[in-house]
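One structure is given below, encoded as structure tokens.
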Protein chains: 2
Amino acid sequence: MRSPQLMIKPNNCHSCRMSALCLPLALHTSDLDKLDNVIQRGKPMQKNQSVFYAGDTFTSVYAIRSGAVKSYCITDDGTEQVTGFYLPGEIFGWDGIATSKHSNHAVTLETSALCEIPFAQFERLGATMPMLQQHFMRLMSKEISTDQALITLLSKNSAEERVASLLLSLSKRLKSQQLSATKFRLPMSRADIGNYLGLTVETVSRVFSRFQSFDLIYCERKEIEIINLQRLSSLAHNAECL
Amino acid sequence: MRSPQLMIKPNNCHSCRMSALCLPLALHTSDLDKLDNVIQRGKPMQKNQSVFYAGDTFTSVYAIRSGAVKSYCITDDGTEQVTGFYLPGEIFGWDGIATSKHSNHAVTLETSALCEIPFAQFERLGATMPMLQQHFMRLMSKEISTDQALITLLSKNSAEERVASLLLSLSKRLKSQQLSATKFRLPMSRADIGNYLGLTVETVSRVFSRFQSFDLIYCERKEIEIINLQRLSSLAHNAECL
DNA sequence: AGCATCAGATGATATAGGTCAATTCCCTGT
DNA sequence: ACAGGGAATTGACCTATATCATCTGATGCT
């Protein structure tokens with residue numbers, strides 16, 4: 001089990017710039033207060049710290065305030081399978097609801113601040129706040145759509161299309177958080193990217209090089225700049241993907 | 001939009017042998033009655049009929065009483081991508097909750113009887129029946145797990161492993177419905193299987209032949225018998241997959 | 001019944017991406 | 001500041017699966 005985390009300075013859902021994303025917009029102020037009491041804010045974590053392990057009893061879902069997280073599981077033959085990358089404003093940890101145990105591990109990819117949303121209390125809260133529960137079902141439905149987009153990507157698209165799609169997905173998601181859509185830092189390693197996209201590190205690396213030689217991106221280690229977003233999009237015809 | 005469907009003879013959730021799967025076990029009888037009023041039973045459909053189209057306004061999720069359904073979407077380049085197969089006792093159609101529009105198409109693979117569960121009324125019902133909403137969240141979470149298992153399969157496993165995993169998944173799911181786990185009819189075509197697993201028809205066909213030559217299965221057209229379930233499982237080391 | 005179409009099987013060949021290996025360059029810890 | 005190890009890149013080669021083509025036997029339509 002994970003080590004106890006320090007709490008950061010008092011804060012609340014009202015003042016959180018993420019609230020529009022992780023909470024239903026239609027929530028009343030009084031409801032927000034109730035929710036606020038339940039959510040455990042803070043949890044600043046260093047790079048490579050586990051948020052939860054596969055097999056852990058499912059207790060909470062987590063919203064990312066800053067940083068990045070990857071979820072992954074260990075397959076029967078002992079290899080790692082990355083199942084998702086999560087950026088600020090996103091919620092992860094749904095995987096445990098069905099079985100009451102997490103099926104994935106989750107680790108921070110960089111220094112991150114998370115909000116823990118204890119699910120038992122949340123469910124109790126949901127009983128009196130249908131909006132809240134509905135909102136969460138929408139978020140889960142979105143996760144389903146994302147996963148299905150990834151399935152399509154994996155079963156139909158070439159290495160270049162997959163990498164381009166991932167870059168565009170990251171770009172779009174950062175943009176939705178008022179961050180730069182064209183210049184950012186990749187929080188994950190090439191190995192993680194390859195693992196996620198069903199490619200080897202070498203292939204990912206080669207695709208990055210090729211993209212760079214075509215002036216689609218400029219990339220130095222983890223810093224990346226998308227030079228030609230349009231052409232990159234056309235390359236990843238599954239543009240709305242991921 | 002789809003053509004109107006005939007209703008089959010009166011029936012209800014109480015008497016449905018599927019209820020354990022599509023409904024929370026802990027539901028009170030009085031609650032079940034309320035739910036019963038909302039669900040539209042029947043909908044017997046022929047093979048190759050659309051249940052809903054991508055882009056349709058999301059109104060309902062569907063439980064399968066008999067038959068089989070595939071969900072798929074059309075990618076940007078106009079090709080079909082199968083995203084799931086659904087068997088009796090399973091619920092599909094979650095994809096539309098996030099955006100209020102279905103992102104997938106759904107068609108019957110054979111003559112099927114479905115129960116339509118109108119979502120708006122369901123949500124209203126959920127407000128007074130937290131158990132119901134929680135149960136549905138669990139089902140959605142399960143769908144997420146299945147999708148993630150497929151992602152792993154697609155990004156890590158060979159053609160043989162993929163096909164073996166699908167066969168075992170079908171076997172397991174049929175068994176959970178008290179149907180034969182070793183002898184059944186594949187409701188979908190080789191092309192659908194290949195599409196779903198990210199393989200070509202030819203490869204699927206070759207894998208079937210190879211499995212047959214190894215006496216793992218006996219297969220004649222769509223009728224399949226799993227001869228050596230154990231060896232098939234070891235071949236698909238992602239046994240708990242899909 | 002008979003033809004047309006489609007699903008499936010199998011063979012020959014091509015290729016994208018995997019595997020293995022070597023090299024460079026960060027980053028981390030001491 | 002330096003050493004060591006891991007992350008990333010690049011090249012050479014190989015293999016699993018795609019592609020293309022042909023054939024057979026179902027299935028469905030008139």
Side-chain angles (χ1 to χ4, degrees), chain A residues 46-49 70 77 79-82 107 109-111 153-167 185-214 217-224 235-236, chain B residues 46-49 68 70 77 79-82 107 109-111 153-167 185-214 216-224 235-236:
Chain A
Q46 291 182 291
K47 192 175 166 173
N48 290 326
Q49 297 242 309
K70 76 168 172 183
D77 54 341
T79 59
E80 177 177 327
Q81 170 64 47
V82 175
V107 304
L109 290 167
E110 47 191 33
T111 309
L153 196 69
L154 290 173
S155 81
K156 293 272 178 312
N157 294 39
S158 69
E160 291 193 353
E161 290 167 331
R162 295 184 207 184
V163 173
S165 295
L166 177 62
L167 293 178
R185 188 185 150 80
L186 295 167
M188 71 296 278
S189 69
R190 301 285 190 276
D192 284 335
I193 293 176
N195 189 309
Y196 180 64
L197 296 176
L199 302 168
T200 57
V201 203
E202 293 93 327
T203 301
V204 174
S205 186
R206 276 185 253 268
V207 170
F208 269 78
S209 301
R210 226 175 305 152
F211 282 178
Q212 188 146 352
S213 75
F214 294 160
I217 62 171
Y218 176 74
C219 180
E220 172 135 25
R221 207 146 178 83
K222 302 211 156 157
E223 298 301 328
I224 188 166
L235 223 157
Chain B
Q46 291 183 292
K47 191 175 167 174
N48 290 325
Q49 297 243 310
K70 77 168 171 182
D77 55 339
T79 59
E80 178 176 327
Q81 169 64 47
V82 175
V107 303
L109 290 167
E110 48 191 31
T111 308
L153 196 68
L154 289 173
S155 81
K156 294 271 179 312
N157 295 42
S158 69
E160 291 192 353
E161 291 167 331
R162 295 185 205 183
V163 174
S165 295
L166 177 62
L167 293 178
R185 187 184 149 80
L186 295 168
M188 71 296 280
S189 69
R190 301 285 190 276
D192 284 334
I193 293 175
N195 189 309
Y196 180 64
L197 296 176
L199 301 168
T200 56
V201 203
E202 293 95 326
T203 301
V204 173
S205 186
R206 277 186 252 267
V207 171
F208 269 79
S209 300
R210 225 174 306 151
F211 282 177
Q212 188 147 350
S213 75
F214 294 161
L216 294 175
I217 62 172
Y218 175 74
C219 180
E220 173 135 28
R221 207 145 177 80
K222 302 211 153 155
E223 297 301 328
I224 188 165
L235 223 158

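A, B, ... follow the sequence lines: proteins, then strands. Residue 1 opens every chain. These numbers come from the heavy atoms of this one structure, side chains and all, not from hydrogens, waters or symmetry mates. In this text the structure is predicted, and so the values were computed from the model without any measurement.
Interatomic distance, CG of B/Leu167 versus CZ of B/Phe208, reported as 5.0 Å (0.5 Å rounding). Taking CG from A/Asn157 and CD from B/Gln81, the interatomic distance works out to 9.0 Å, rounded to the nearest 0.5 Å.
At the heavy-atom level, A/Gly198 lies under 4.0 Å from the strands shown only through sugar-phosphate atoms. Using a 4.0 Å heavy-atom cutoff across all strands shown, B/Thr200 reaches at least one base atom of the nucleic acid.
As a whole-Å value, the separation of B/Arg190 CZ from C/dT10 C1' is 14 Å. The interatomic distance linking A/Phe208 (CZ) with D/dT9 (C1') rounds to 12 Å, in whole Å. Residue A/Glu160 contributes atom CD, which lies 8 Å from atom P of C/dG17 at whole-angstrom precision. Between B/Asn48 atom CG and D/dG28 atom C1' the separation is 12 Å, expressed in whole Å. Summarising the geometry, the separation between CD1 on B/Ile224 and C1' on C/dG8 is reported as 14 Å, rounded to the nearest angstrom. Rounded to whole Å, the distance from CG on B/Asp192 to P on C/dC6 is 15 Å. The CG atom of B/Asn195 sits 13 Å away from the P atom of C/dA7 (whole-angstrom rounding). Taking atom CD of residue B/Glu223 and atom P of nucleotide D/dT27, one finds them 10 Å apart after rounding to whole Å.
When distances are taken from the side chain of A/Ser209 to each of D/dT27, D/dT9, C/dT10, the shortest belongs to D/dT9. Checking D/dG11, C/dG8, C/dC26 against the side-chain heavy atoms of A/Glu202 singles out D/dG11 as nearest. Among D/dT19, C/dG8, D/dA8, the nucleotide with an atom closest to any side-chain atom of B/Ser205 is C/dG8. If you check D/dA8, D/dT27, D/dA18 against the side chain of A/Lys222, the one that comes closest is D/dA8. Closest to the side chain of A/Arg206, out of C/dG8, C/dT19, D/dT17, is C/dT19. Which of D/dT10, C/dG17, D/dA18 sits closest to the side chain of A/Ser158 comes down to C/dG17.
Along DNA chain C, the nucleotide closest to A/Arg210 and the one closest to A/Arg221 are compared, and the more 5′ of them pairs with A/Arg210. Mapping B/Val204 and A/Ala191 onto DNA chain D by nearest heavy atom places A/Ala191 closer to the 5' end of the strand.
By the 4.0 Å N-to-carboxylate-O rule, B/Arg185 lies close enough to B/Glu223 to be salt-bridged with it.
Not a single donor-acceptor pair under 3.5 Å links the side chain of A/Arg190 to the backbone N or O of A/Lys222. Checking side-chain atoms of A/Ser213 against main-chain N and O of A/Arg210 turns up a donor-acceptor pair under 3.5 Å.
Look at A/Thr203 and you'll find a side-chain N or O under 4.0 angstrom from OP1 or OP2 of C/dG18.
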